Number of protein chains: 2
Amino acid sequence: MKKTPEPKKRANLRDVAKAAGVSVATVSRVLNEPAVVKKDTLEKVQTAIADLKFVPSAAARAINSGRTRFVGALVPTLDNAIFARFLAALERKLSDHQLSLIVATTEADLDIEAEKAKSLVDIGAEGLIVTGVTHSPAFHDLIERTMMPTIITSFFDPENPLPTIGYDNAAAAQLALQHLNDLGHRNIAVVHGPVHNNDRTRARLAGLKDFPFTGELTTFETEISHQGGADVAHKLSNLDTKPDAILCLSDVVALGILLGFQAQEIAVPDQISMVGVDDLPTSSVSVPPLTSVHLPVSQMGERVADALAHWITAQQPPEPERLDAYIVVRNSTKSADKSST
Amino acid sequence: MKKTPEPKKRANLRDVAKAAGVSVATVSRVLNEPAVVKKDTLEKVQTAIADLKFVPSAAARAINSGRTRFVGALVPTLDNAIFARFLAALERKLSDHQLSLIVATTEADLDIEAEKAKSLVDIGAEGLIVTGVTHSPAFHDLIERTMMPTIITSFFDPENPLPTIGYDNAAAAQLALQHLNDLGHRNIAVVHGPVHNNDRTRARLAGLKDFPFTGELTTFETEISHQGGADVAHKLSNLDTKPDAILCLSDVVALGILLGFQAQEIAVPDQISMVGVDDLPTSSVSVPPLTSVHLPVSQMGERVADALAHWITAQQPPEPERLDAYIVVRNSTKSADKSST
DNA sequence: TCCCAAAATGTAACTAGTTACAGAGGTTGC
DNA sequence: GCAACCTCTGTAACTAGTTACATTTTGGGA
C-alpha cells in the first residue's frame with residue numbers, strides 16, 4: 001500500500017512543461033524572457049512551477065552559459081581585521097557584478113593554498129583572488145593549465161606575470177620609517193609577523209633596509225595577534241637599552257604592544273614612539289590613538305572586484321594597479337628630543 | 001591565412017577522447033577510476049589531457065551528481081571578530097566534508113539577506129547557514145520552496161521550525177548580570193548594539209529583564225564598533241550619577257568603552273566594573289583584561305558544519321543543539337564595596 | 001473573406017559530463 | 001578445444017537546462 005515510491009525527486013523543466021501542457025521551450029521562456037509569452041500561457045506555467053515547487057538547476061544553467069557566477073578568494077586568515085575589511089569590500093562590489101564570493105583561508109600555508117585553489121576550480125570558480133606573489137608550483141600549474149583569471153592582491157608588482165592590484169609594501173613601510181626618522185628617532189625596534197610564506201612582510205622589511213636611515217634598526221618577529229604584541233612589549237621592556245621608537249608592520253601587533261605597555265605603565269609616546277602599518281578602525285580609538293600607515297584595502301577590494309569581473313566577461317587581464325598608502329599621524333609618536341625627558 | 005579561427009574554446013571530454021583515440025567513457029574512467037584502465041590507454045589519455053589542457057567542467061559534473069559541493073553562510077558583517085571566528089571554524093570543518101563556503105554579508109538587513117540567499121540558491125548552494133531566527137517572508141518562502149537545508153546559528157531555540165545550533169542568548173546575558181549582582185553592584189548600565197533586526201540582542205535584553213535583579217538597570221544603544229563604545233564612554237562620564245558597573249552585550253563595544261575610559265582616566269575596575277559578552281581573543285589582553293561571557297563560536301562553527309554536511313548527504317535535518325556559554329572572570333570587575341573608595 | 005506578417009509556441013539539437021549495458025579480446029579450466 | 005570468465009573498452013542513453021529554427025496561431029488590412 002505504499003504510495004510514495006520516490007517522492008523526493010525534484011521536478012525539472014520537462015515535468016513542468018508536461019504539467020502545464022506546453023513545451024520545454026515555453027517553460028524556459030517563462031523563466032528567462034516572460035515578456036514574449038502570452039499572458040494565459042504564462043500563468044499556466046507559473047502555476048505549474050508553483051505546484052511542483054520547481055527550482056531550476058544551477059548546474060544545468062551553468063553548463064549552457066558556461067558561467068557559475070562565483071569567484072574564490074584565498075586569504076591567510078579571517079582573524080586579522082585587515083583581511084576581513086578587504087573581503088567585505090570585495091564581496092560588496094562583486095555582488096554589483098552578479099558574482100558571489102567563496103572565501104577560503106590558507107593559514108599562510110602555500111600547500112593549503114594550492115589545495116584550496118584546486119577545489120575552488122573544481123567546483124567551478126570563474127576567477128581567483130590571492131594574497132601576495134609567492135605561491136607553490138602546484139598553484140602556478142593550476143592557474144596556467146586552467147587559464148583561470150587570477151588577481152594578486154596586497155602586493156603591487158608590475159613585473160609579475162599575474163596582474164597585481166595592491167600597494168607597494170616597501171614604500172608603505174618606508175613611510176613609517178620616514179616619519180620616525182623625521183621625528184629624530186635613532187634607535188628603532190622593527191616588529192613584524194612571521195616572514196615565512198609572507199612576501200608582504202618580506203617586502204616591507206626590504207623596504208626598510210633600502211631606506212637611507214643612519215640610526216639603529218633591530219627586528220623582532222612575533223605572532224600577528226594582540227597576544228603576539230603583548231609578548232614583544234614584555235621582551236622590549238626587559239631590554240638593557242630600550243629603543244626610542246617602535247615601527248610595527250601590523251596594527252594588530254602594534255595594538256597588542258600598546259596594551260602590553262599600558263599594563264607595564266610605559267608611556268606612549270612620552271617614553272617611546274610607535275607607528276603601525278594597516279590603519280585599522282581600532283587604531284584611531286586606541287589609547288593613545290595610533291599613528292599608522294593607511295593601507296587602502298577597501299579600495300583594493302573594489303578595484304579587484306571590478307578588474308576580475310571585467311577579466312571574466314571580456315577575457316582580458318587587467319593592468320597592474322598601484323594603490324597608494326599614506327601615513328595617518330595620530331598621538332602615538334612625538335619627536336625624539338622631547339621624549340628624553 | 002588565419003590559422004586560429006576560434007582557439008579559445010576549452011577542450012571537452014569528446015575532444016580528449018578523439019585526440020587519444022578512445023571513447024568518452026574511457027576518458028571519464030581515467031578521470032574517476034583510473035585503476036580499471038589499462039596502463040598504456042591511461043597514459044595516452046593523460047597525455048591528451050595535458051596536451052589539450054583539458055579541465056573537466058564543474059557544471060557538467062554537478063548536473064550528473066546533483067552536487068555542487070558548496071554551501072552559503074549569511075552573516076551580518078565580517079567587521080566583528082565574533083563572526084570572523086565563527087566563519088573560520090566553519091570553513092575549516094566544512095572542508096573536511098569536501099564542502100566550500102560562500103560568505104555573504106547582510107549588513108543586518110533582512111531584505112539584503114533574502115536577496116543574497118536567493119542568489120546563493122540560484123548559483124547552486126547545497127545548504128545555507130544564517131544568523132538568528134528572524135527573517136523576511138521572502139526568505140522563508142525561498143527556504144520552503146526549495147527545501148534548502150538551512151541551519152540557524154548564534155541562537156538556540158528548540159521550538160523553531162528550522163533547526164538552531166547556538167547558545168541561549170538570554171542565559172548568556174544573565175550570566176553577566178549574575179556576576180555583577182554577586183559582586184554587589186546595584187546600578188548597572190547595559191550597553192548594547194542596535195536591536196533593530198537583531199534578535200540575538202533582543203533575546204539578551206529580555207534575559208536581563210527576566211533576571212531577579214533588584215537594582216537599577218539603564219540601557220544604552222550604540223553602534224557595534226570600538227568607536228561606538230568610545231561614544232558611550234563619553235556619554236556615561238557626563239552622567240550625574242554614574243553607574244557602578246557596565247554590562248556590555250558585545251565585547252567590541254566593551255573594548256571601545258575601555259579605551260574611552262582610559263582616555264578620560266576613569267579607572268576600571270576601581271571606579272567602575274565592566275563585563276562583556278563574546279570573549280574575543282583581544283579581551284584577554286586589554287587593560288585591564290576584560291571579564292566576559294564566552295560564546296563558543298568556534299565550536300558552533302564545527303557543529304554547524306557537521307550538521308549541515310550530514311543533512312545534505314543523509315537528507316535529514318539535525319536536532320537543535322545548545323552550546324553552553326560561560327563567564328570568564330578577569331580583572332575588569334571587582335566587588336561593589338571596594339569600588340566606593 | 002483572404003493574405004501576410006507578427007506573435008507565440010514547439011521540435012530537436014545542442015551544452016559536457018556520467019554510466020548502464022554491450023561487446024571484444026585474452027586467459028583459464030576441464 | 002571450447003566454454004566460462006575476466007578485463008578492458010565502446011555505444012548510446014541518460015542528467016537539465018538553452019536556443020536555433022520550424023511551425024502554428026493570431027490579428028489587421030485589403
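Below, chains carry the letters A, B, ... as their sequence lines are ordered, and counting in each starts from 1. Bear in mind that the values here come from a model prediction, so they are computed numbers and not experimental data.
Closest contact between the side chain of Arg14(A) and the listed nucleotides dC8(D), dG10(D), dT18(D) involves dT18(D). The nucleotide whose nearest atom lies closest to any side-chain atom of Leu13(A) is, among dA12(D), dT9(D), dT18(D), dT18(D). When distances run from any side-chain atom of Ile63(A) to the nucleotides dA16(C), dT18(C), dG17(D), the shortest one goes to dA16(C). In the set dA20(D), dT18(C), dG17(D), dA20(D) carries the atom at the smallest distance from any side-chain atom of Ala25(A).
We find the CH2-CG distance between Trp311(B) and Asp306(B) to be 15.0 Å, quoted to the nearest 0.5 Å. Considering CZ of Phe54(B) and CG of Leu31(B), their distance stands at 5.5 Å, rounded to 0.5 Å. Rounding to the nearest 0.5 Å gives a distance of 9.0 Å between CG of Asp109(A) and CD of Glu113(A). Atom CD1 in Ile129(B) sits 7.5 Å away from atom OG1 in Thr153(B) (nearest 0.5 Å). Rounding to the nearest 0.5 Å places CE of Met300(B) at 11.0 Å from CD1 of Ile151(B).
Nucleic acid contact class of Val36(B) (heavy atoms, under 4.0 Å, all strands): sugar-phosphate only. As judged by a 4.0 angstrom heavy-atom cut-off over every strand, Ser28(B) is placed among the base-contacting residues. Using a 4.0 Å heavy-atom distance criterion, Val16(A) is classed as making no nucleic acid contact. Counting non-hydrogen atoms under 4.0 angstrom, Val22(A) reaches the backbone sugars and phosphates but no base.
When the C1' atom of dT18(C) is taken as reference, atom CZ of Arg29(B) falls 10 Å away, rounded to whole Å. Straight-line distance from the CG atom of Asp122(A) to the C1' atom of dG17(C): 14 Å, rounded to whole Å. Atom NZ in Lys44(B) sits roughly 12 Å away from atom C1' in dC8(D) (whole-Å rounding). We find that CG of Asp40(A) is positioned 13 Å from C1' of dT25(D), with the value rounded to whole Å. If you take CG of Leu42(A) and P of dA7(C), they are 17 Å apart, rounded to a whole angstrom. Summarising the geometry, the separation between NZ on Lys18(B) and C1' on dG10(D) is reported as 15 Å, rounded to the nearest angstrom. Rounded to an integer number of Å, the gap from Asp15(A) CG to dA16(D) P is 8 Å. A straight line from CZ of Arg10(A) to P of dG17(D) spans 7 Å, rounded to a whole angstrom.
In terms of phosphate contacts, Arg61(A) brings a side-chain nitrogen or oxygen within less than 4.0 Å of OP1 or OP2 of dT18(D). Between dT19(C) and Asn64(B), no contact under 4.0 Å exists linking OP1 or OP2 to a side-chain N or O. Within the 4.0 Å cut-off from OP1 or OP2 of dA16(D), at least one side-chain nitrogen or oxygen of Asn12(A) is found. Within the structure, every side-chain polar atom (N or O) of Ser57(A) is placed at least 4.0 Å from both OP1 and OP2 of dA16(D). The side chain of Thr26(A) contributes an N or O atom lying less than 4.0 Å from OP1 or OP2 of dG10(C).
Of the two residues contacting DNA chain D, namely Ala60(A) and Lys39(B), the nearest-nucleotide position lying further toward the 5' end is that of Lys39(B). For Val24(A) and Val55(B), each mapped to the nucleotide of DNA chain C holding its nearest heavy atom, the one lying further toward the 5' end belongs to Val24(A).
Checked against a 6.0 Å centroid threshold, the rings of Phe70(B) and Phe70(A) count as neighbours.
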